[in-house]
Every structure is written in structure tokens, then in C-alpha cells.
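Take a look at the structure set out below.
Only this structure's heavy atoms are used, side chains among them; waters, hydrogens and symmetry mates stay out. Proteins get letters first, then strands, A, B, ... in listed order; numbering begins at 1 in each.
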Number of protein chains: 2
Amino acid sequence: MSYTYEYPHPAVTVDVAIFSIRHDALNVLLIKRALAPYQGEWALPGGFVEIDEALEHAAARELKEETGVDAGYLEQLYTFGRPDRDPRERVISVTYFALIPSDRLEIRAASDAEGVGWFPVASLPELAFDHAEILDTAFERLKAKLDYSTIAFQLMPATFTMPELRHVYEVITREEIDKRNFSKKILGLGVIEPTGEEKREGAHRPAKLYRVIDRSKVDVIK
Amino acid sequence: MSYTYEYPHPAVTVDVAIFSIRHDALNVLLIKRALAPYQGEWALPGGFVEIDEALEHAAARELKEETGVDAGYLEQLYTFGRPDRDPRERVISVTYFALIPSDRLEIRAASDAEGVGWFPVASLPELAFDHAEILDTAFERLKAKLDYSTIAFQLMPATFTMPELRHVYEVITREEIDKRNFSKKILGLGVIEPTGEEKREGAHRPAKLYRVIDRSKVDVIK
DNA sequence: TGACTTAGTGTATAAATTACACGTATAGTT
DNA sequence: AACTATACGTGTAATTTATACACTAAGTCA
């Protein structure tokens, strides 16, 4: 079967930069390309948009198909369209930015990828296409949004301690944060509450556990 | 001539929401559609991306072709891709947000539009396609960026007075702003300087004229 | 020259952010 | 059982930033 148009049409893909916290570091999910071009190289999960499919749906679908991961939080990032960004044909990529809590990052078997893996943002392999640029844009978005939104909670498991949350901020901004001021600020947002439980972990005082009050209200501040 | 693909390809367009200040109001540039669908209705300037053309180039080109206007400031806004947003075929629109100073908004004769016009954002006609939604997104972006960037200067002519600049902020935010605090804040940014001239305009004390020191450095604050 | 109109300017208060130190609860060791 | 090591939890003072607020200055016109 083939499809014919009066004027040339670009192909449209979606690519997803999905972040998570693993082993005290910010990680991003990559797939090893099974097919040319860039065969065997690492790339962001993504693929062609179906002709009757919403863009965001395509992003979530490709992510799931290629990596087995369900995005927790998903928002459009930017559209990359340099004419020569794909050697096959003109390809315009609508990219998405995603986050997933660290207790849900199991990778399941995927069909069209030889390999799937989480990579620390600090030590990435060479990436196919312009995916390094996409990832850089996504990382900048993440850092910017830490300041004026509450998306950081999208990286946390169902319950978490204040030191764990603070550590996530520190890992992303690469800056040390004062315990007291941080706690004051976060609690002042009014979006988390103590569970009443504690987390004992090592030879020291246990930390209180918190949970997000309403997961759907985790958005822009004020 | 025709173009054939193994899989269906969407069409890709660019649409531009360009704002300016006219007669003390925020205006947006619209074109009257010469062809179906939505023939005779108003729409954002835009059109199909050439197969070897950068997206931003397409946005600037369509704007110029359809309205005769050269965008001063142009940035990507969002990509709209609802499957049914165009009745002809699947069309994905990469939209752009643009600003132009109020001393450069002459409209010249355009080829594929019966009419071109500036419309106050407060009283818009019905718009074709999903252009009302695009415009709304653009307006929200403009309001947000007033707070944390210096793009407002992109709406100003080569020289302008402090009351004129303040008025631009007031018109966009629809809030009254204190003269003294505003002046303090703007001058504190260090991006404008007095020209030494004054603007006499009516039966009252003349206002000092300012200019942007370096037009290329008008960007995000801090 | 007096009346009217808008421009220009500074200070005091409130709010938000930053800096900073010690007591507490646990696990492991003796 | 007592001691030690380790990370957790908490409040206040100082600084910075944002907000509120009123009078004098310079021009036009009658």
C-alpha cells in the first residue's frame, strides 16, 4: 500500500525524554536502535505518529511499546525540524518531556529495540540524530520547572521523606540546599502531608514519611 | 507532480500569532482566508512548510508573504496536532509567537489573502480552525513572559518613554502599575538608557525618552 | 499668570529569602 | 547498659526584595 500527495510531506515523529531518579542520580531512558540509520546507537524512545493519532497519545504509546514504561507525567517539550536531522527523509519531531517516580521504572521486553536502559544524565553515551540537543532542552526544562512548579513530586514514590525529596532537588540542580529552608518552603506549598509513618534506614534518627495530598494538583506554583 | 510514501504522512504547517500595540491596545495580526476551508473567515497567518525549509524560516516566510510584516521577535510556541483540526487532511501545526514594535506594523499587499488586519485581542472575530486556542496559548505565553523576561521591549519603537512602556504592561496584564515601582524595576534591569531627548505631547511636562542599549540582549531575566 | 495635566522622584513598611546551630532518635559497638 | 556515630527535625535573626504611598516639576492653554 502507498500514499500519494500533490505536495511533498515530511514525516512526523514523537520522541520522549523521560527522567527518573535511580541510585541517587538523575537518569534518562534510552533505547538501542535496532535499525539503520544509527543502528546500534542509543536514542530517545520515539517513532512515527499514526495518521489519526493525537501527538501526546503517540508519545505515550511509543514510550510504552519501546520500553514498557508508562509515563507518569508527560508534557510537550519542543518541535525539532532541522531539514537534515534525519538522513532518510525530512522528519519533524514533536518531542515530549516525561517524569516517572523511582518506584515504577521497571523496563519490560520491547519489540523494536535491541536494548533499553536507564543512563545517568551525567554520563551519557553518544546519541543518534539530534537527540543530544533534545535531551539538553529537556534537562533545561526540568531545572527551570523545579523552581516554579511542583513537578519534582512526579519523581517521588508514593511515600517519601523530606531528605529524599531534598536530595532529588540537589541532584538536579547540583547545588546544596539548606535543610530547614527547604522543609519550610515545601511544607508551605501545602501539597504534601505526613503519613504518620517513619522510615528507619541506618544508624540514625528515622525520617518522617510524607505523601502528595492530591496527585492531580501537582502543577505550577501560584 | 505527485509524491508517494509507503506510510501516510501528515501535512505540516506553521502558524504565527504576532502581537503589537496599536492605539493603546494589544493587537494581533489576522488574515481573511481566500480559499476553503473556512473561506472568508479570519485566521492566523501561516501555511505549509517547504520540504527543505527550517520551521522558523517557514514561519517568518509565511508571515511576510501573507501580510508583508517582518517579525521582530519570533519564538516557537507549541505544536497543535489534534487529528481532526483540519477537515482536508491530517495537519500538524507548529505555531510561533511573534512581537513587532508599534512603529513597524505597516501591512503590505499580500498574495493569498483577501484581507489582512490588526485586531484588538479584546474584540476578536471568530477564527478558523483551532486558531482561537492557538491565540489563547500565545496570549498566555506573552503574559507569563512579561514577568520574567524583557520581551516587552520587543513591542516598543526605537525610542519610548517610561509612561509608554508602563502602558504596554498595563494593557497586557490589565492591571494598574505604580509609576515609581515600575520605573525602579525597569531601570534596575540595566537594559535601557536615556537618549537625552524628551517627548512633548500635550499640555503637561514632557517625558524622557529611552532606548534599549543592546537589542540582542533582550531576553530572560537573571 | 494662573489653571490644568501628566512626568518624575524617595522613603517607610511588609513580605520573602537566606543564613545559621543544637537537641533527638536510632543502630552498632563495647 | 552505656557509649558513639550518624543523620533527622526544628526556629529565629538578618538581609533582600517587593509594595505602598504623595508631592514637586514642566509643559500647554486660556
Side-chain angles (χ1 to χ4, degrees), chain A residues 21 23-24 143-150 152 156-157 159-211 220-222, chain B residues 21 23-24 143-150 152 156-157 159-211 220-222:
Chain A
I21 304 289
H23 311 135
D24 286 352
K143 277 194 288 190
K145 284 207 135 182
L146 271 199
D147 268 348
Y148 66 86
S149 83
T150 55
M156 307 309 293
T159 67
F160 53 88
T161 68
M162 200 56 81
E164 283 167 352
L165 179 63
R166 183 161 42 86
H167 192 66
V168 167
Y169 274 79
E170 289 178 334
V171 155
I172 296 169
T173 62
R174 297 208 151 275
E175 278 177 34
E176 207 175 291
I177 301 170
D178 179 84
K179 280 205 281 202
R180 283 165 290 191
N181 294 339
F182 182 78
S183 169
K184 215 187 307 175
K185 185 175 154 182
I186 296 295
L187 293 175
L189 297 174
V191 301
I192 64 171
E193 64 188 3
T195 65
E197 308 281 300
E198 297 186 327
K199 186 168 191 172
R200 280 181 310 285
E201 187 185 35
H204 54 83
R205 178 174 180 177
K208 291 183 188 169
L209 280 165
Y210 293 87
R211 75 175 138 244
V220 174
I221 295 170
K222 233 165 279 172
Chain B
I21 302 290
H23 311 136
D24 287 351
K143 277 195 287 189
K145 284 206 135 184
L146 271 200
D147 269 347
Y148 66 87
S149 83
T150 55
M156 307 308 292
T159 67
F160 53 87
T161 68
M162 198 58 80
E164 283 167 352
L165 179 63
R166 181 161 43 87
H167 193 66
V168 167
Y169 273 79
E170 289 178 334
V171 155
I172 296 170
T173 61
R174 297 208 151 276
E175 279 177 32
E176 207 175 292
I177 302 169
D178 180 84
K179 278 204 284 199
R180 283 164 292 192
N181 294 338
F182 181 78
S183 169
K184 217 185 309 176
K185 185 175 155 182
I186 295 294
L187 293 175
L189 297 174
V191 301
I192 64 170
E193 64 188 1
T195 65
E197 310 279 300
E198 297 186 326
K199 185 168 192 172
R200 282 182 308 284
E201 189 186 34
H204 55 83
R205 178 173 177 175
K208 290 183 189 171
L209 281 164
Y210 292 88
R211 73 174 140 245
V220 175
I221 293 169
K222 233 170 277 167

Which heavy-atom pair separates [X] from [Y] by the least distance, and what is that distance?
X      : Y      : value
A:T159 : A:R211 : CG2-CB, 4.5 Å
A:E197 : A:T195 : N-OG1, 3.0 Å
A:E170 : A:E175 : CG-O, 3.3 Å

[N] [atom2] sits how many Å from [X] [atom1], rounded?
X      : N      : atom1 : atom2 : result
B:E176 : D:dC21 : CD    : P     : 12 Å
B:K185 : D:dA20 : NZ    : C1'   : 15 Å
A:L165 : D:dC8  : CG    : P     : 13 Å
B:L209 : C:dA7  : CG    : P     : 12 Å
A:E197 : D:dC8  : CD    : C1'   : 17 Å
B:L187 : C:dG10 : CG    : C1'   : 14 Å
A:R166 : D:dC8  : CZ    : P     : 7 Å
A:I177 : C:dT17 : CD1   : C1'   : 14 Å

Of the options [options], whose atoms approach the side-chain atoms of [X] most closely?
X      : options                : answer
A:M162 : D:dG27, D:dG9, C:dG8   : D:dG9
A:R205 : C:dA7, D:dT19, D:dG9   : D:dG9
A:H204 : D:dT19, C:dA25, C:dC20 : C:dA25
A:R180 : C:dC20, D:dC21, D:dG27 : C:dC20
A:K184 : C:dG8, C:dA19, C:dG10  : C:dA19
B:K179 : D:dT19, C:dT9, D:dC8   : C:dT9

Practice prompt. Give the C-alpha distance, both sets of side-chain angles, the deciding distance and a yes or no for side-chain contact (heavy atoms from CB on, under 4.5 Å) between A:N181 and A:K185.
Written response: CA-CA 6 Å; A:N181 294 339; A:K185 185 175 154 182; over 6 Å; no

Discussion item. Mind checking if B:K208 touches a base, just sugar-phosphate, or nothing, with heavy atoms under 4.0 Å?
Written reply: sugar-phosphate

Worksheet item: With a 4.0 Å cut-off on heavy atoms, is A:R200 in touch with a base, just the backbone sugar-phosphate, or nothing at all?
Response: sugar-phosphate

Item to complete: Would you check, one step at a time, whether the test side-chain contact (heavy atoms from CB on, under 4.5 Å) holds for A:V168 with A:F160?
Response: CA-CA 11 Å; A:V168 167; A:F160 53 88; over 6 Å; no

Fill in: Contact nearer the 5' end of DNA chain C, comparing B:N181 with A:E198
B:N181

